[in-house]
Amino acid sequence: MIVIEEGLPTPLGAHFDGRGVNFALFSQNATRVDLCLFEPGARHESRTIRLPCRTDDVFHGYLHGLLPGQLYGFRVFGPWDPAAGHRFNPAKLVLDPYAREIAGRIRWHDALYSHRRGGAREDQIDRRDSAPFLPRGVVTRPETPDAFPLPASRPLHETVIYEAHVKALTMTHPALSEAERGTALGLAHPAIIEHLLKLGVTALELLPIQAFADDRFLVDKGLVNFWGYQPYNYFAPEPRYLGEGGASGLRFAIRELASAGIETLIDVVYNHTAEGDHLGPTLSFRGIDNASYYKLDPENPRRNIDCTGCGNTLNVAHPRVMRMVLDSLRHWVTAYGVAGFRFDLATSLGRAPSDFSPQAAFFQAVQQDPVLSRVKLIAEPWDIGMGGYQLGAYPYGWSEWNDQFRDNLRGFWRGDAGTLAKLTQGLSGSREIFLPSGRSPLASINFVASHDGFTLADVVAYAEKHNEANGEENRDGHGHNLSANYGIEGPTDDPRILSLRARQKRNMLACVFFAQGVPMLLMGDERSRSQGGNNNAYCQDNALSWMDWESDPDPKLTEFVANLAALRRVCRSLRRRHFLVGSRVGETELKDVHWLSPDGTEMDEAAWGDGERRAFGMQMSNDIEGSERVLILMNAAPEPCPFALPPDLGGPWRPVFDTTLDTGAVPDGTRAPVRAGGIVDLPERAVLVLKSPPILD
């Protein structure tokens with residue numbers, strides 16, 4: 001006979017104390033919660049035990065003698081009243097939102113839905129048991145409090161981010177064993193770490209690794225949710241990436257990366273869950289307390305408010321839901337050693353309750369949290385709700401993906417009219433965007449390509465998206481790519497086109513690394529990784545998405561990126577912590593930045609208003625003592641441009657970087673310095689960097 005004690009309402013989840021396990025589950029509107037215990041491989045529970053106590057809307061109980069490794073789930077009782085937002089159905093097993101590990105994967109079946117799917121009445125309850133088709137929570141061993149001391153965060157001005165996917169990065173590397181490929185453990189392999197270090201990467205930003213679902217419509221088409229933006233648990237790592245090492249392998253990988261000087265950031269999705277809209281499945285939150293966990297339409301609580309495009313919006317304004325998110329974030333820092341987060345569709349987290357506010361309770365809670373206030377916080381600053389685009393509106397302590405930098409960069413090098421002024425705004429840190437919130441250039445995460453959209457190689461090889469492999473007749477994915485194919489759509493053997501594409505890749509990468517802010521590189525862009533023109537490869541778990549470690553169509557590009565990072569690392573002018581404002585430096589006549597026309601004069605109002613202008617110069621100092629100066633010359637025109645150096649800007653100027661060179665770096669002594677008042681022969685479609693005096697270490 002099993003005897004369950006009252007236990008405690010905190011901490012939430014299943015916690016082993018050496019003698020037994022305490023279970024605690026929040027539900028504001030439930031009337032009863034049953035704990036279900038499973039044997040490995042069993043389709044149905046072996047024991048069902050009613051949690052005996054309810055304290056402040058937390059159902060709890062304690063079982064003596066239960067050990068780590070025990071599989072479990074819950075059945076939650078309450079009103080079936082969709083019109084009021086309540087969808088309790090004890091026939092549906094639900095996963096503990098606080099489960100630290102998960103066993104098994106979702107097997108799609110109509111029994112996973114609380115309502116009769118496809119019936120004439122969408123509110124008719126479905127009483128089939130969903131347990132055979134749902135993963136189980138796993139009771140884990142207690143976390144050692146000092147297992148991971150709080151990370152000593154690398155300053156943002158020294159940070160170079162590499163956005164990658166666990167499986168895509170490790171799946172085909174020849175140095176990895178079969179067991180390591182596609183897993184978190186593969187991230188710790190010396191060959192992977194060596195590659196990242198060669199590139200100058202200081203932070204590895206991983207696409208979602210919290211447990212996520214493969215959408216049913218994808219599974220029906222033989223596809224998967226490769227990117228992972230459909231979470232159904234926020235504490236457990238996705239089992240498919242763990243391999244033989246389990247969760248310990250993930251911890252080991254993060255520790256190994258950290259010992260090499262590389263922080264691990266993870267992409268987190270607290271804006272929605274895999275349960276979709278009101279006609280979606282019941283996996284966890286919907287069956288535990290739909291009206292608490294999700295934002296519901298106040299005029300029709302039967303339906304979800306959808307600010308995410310994924311059917312639902314997590315109700316982070318609810319105190320218990322916010323606590324779950326904060327507990328989850330702290331868990332990834334303290335239990336795994338994660339050094340920061342990129343928040344998918346972060347605007348939804350700041351809706352209080354419906355309009356975005358930088359003073360929203362979530363931002364305030366993070367800002368005062370002793371753990372989370374010390375890690376890197378990066379927002380994707382939009383969602384699809386009204387007023388969802390909020391670039392520049394986030395509070396202190398947050399950086400943001402700067403899609404305007406990306407678009408203006410692509411447009412300038414493609415030759416679009418009227419883009420020069422917008423590009424220079426981004427190169428100088430997007431002051432107009434981020435200064436009103438009181439932040440620095442380091443609020444701007446600068447990139448030319450990310451997982452969502454074309455790879456860099458495809459930006460210069462495709463004028464249109466080619467997403468046919470996704471099974472949606474090329475209707476999915478964004479049509480606004482600001483790309484060009486330079487004469488032939490896709491692959492070509494034409495040496496002229498290949499040379500031009502190589503040059504343009506280098507020009508755009510140079511702008512990412514030379515701009516004020518934090519540079520981000522997409523996995524594989526250094527190896528010209530192509531997705532065949534697919535700009536929405538979220539469902540492609542195959543060679544289309546994986547890093548190709550065998551072939552390299554532009555073999556010098558990796559060294560080019562490494563040289564970019566090296567120049568940025570030693571040149572303080574390229575990683576300022578304060579905005580360029582055009583003010584005088586010390587007692588000199590020089591300003592912190594000079595914007596130059598090719599004739600050697602400073603750009604005036606007429607020059608800035610010239611929408612057809614393609615060439616300019618940017619001369620700037622560092623923000624420590626102003627002695628180091630860098631001159632960046634850019635020419636997006638298809639013809640060379642002689643560039644006069646002003647006689648009053650010092651010198652001599654030594655060329656140190658040139659995007660017309662395969663590896664970028666100008667070897668010492670190969671080019672004579674150019675004196676003030678001299679002429680620089682600036683090639684067509686090129687970036688040239690000169691410096692004076694010597695670069696500071």
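Note that the structure is predicted; figures quoted are calculated from it, not measured.
- Heavy-atom neighbours of Lys465 NZ from other residues, nucleotides or ligands within 6.0 Å: above the threshold of 12.
- Of the listed residues (Trp227, Tyr241, Tyr538), just one forms a ring pair (Phe, Tyr, Trp, His ring centres under 6.0 Å) with His165, and that residue is Tyr241.
- Taking the ring axis of Trp401 as reference, the NZ or CZ atom of Arg342 stays within 45° of it and closer than 6.0 Å to the ring centre.
- Atom CZ of Phe343 and atom CD1 of Ile266 lie 9.0 Å apart (nearest 0.5 Å).
- Between the side chains of Ser597 and Arg613, at least one donor-acceptor pair of N or O atoms lies under 3.5 Å.
- For Glu489, the CD atom sits in a packed shell: over 12 heavy atoms of surrounding residues, nucleotides or ligands are nearer than 6.0 Å.
- The CG atom of Leu498 lies 7.0 Å from the CG atom of Asp493; values are rounded to the nearest 0.5 Å.
- Cation-pi geometry between Arg406 and Phe447 is not met at under 6.0 angstrom from the ring centre and within 45 degrees of the axis.
- By the 30° and 60° cut-offs, the orientation of the rings of His195 relative to Tyr162 is perpendicular.
- If you take CE on Met618 and OG1 on Thr424, they are separated by 8.0 Å, rounding to the nearest 0.5 Å.
- Under a cutoff of 6.0 Å and an axis angle of 45°, Arg506 and Phe560 form a cation-pi pair.
- There is no side-chain donor-acceptor pair under 3.5 Å between Asp458 and Asn535.
- Using a 30° and 60° split on the angle between ring planes, Tyr462 and Phe454 fall in the tilted class, from 30° to 60°.
- Counting only N and O atoms by type, the side chains of Gln619 and Arg629 include a donor and acceptor under 3.5 Å apart.
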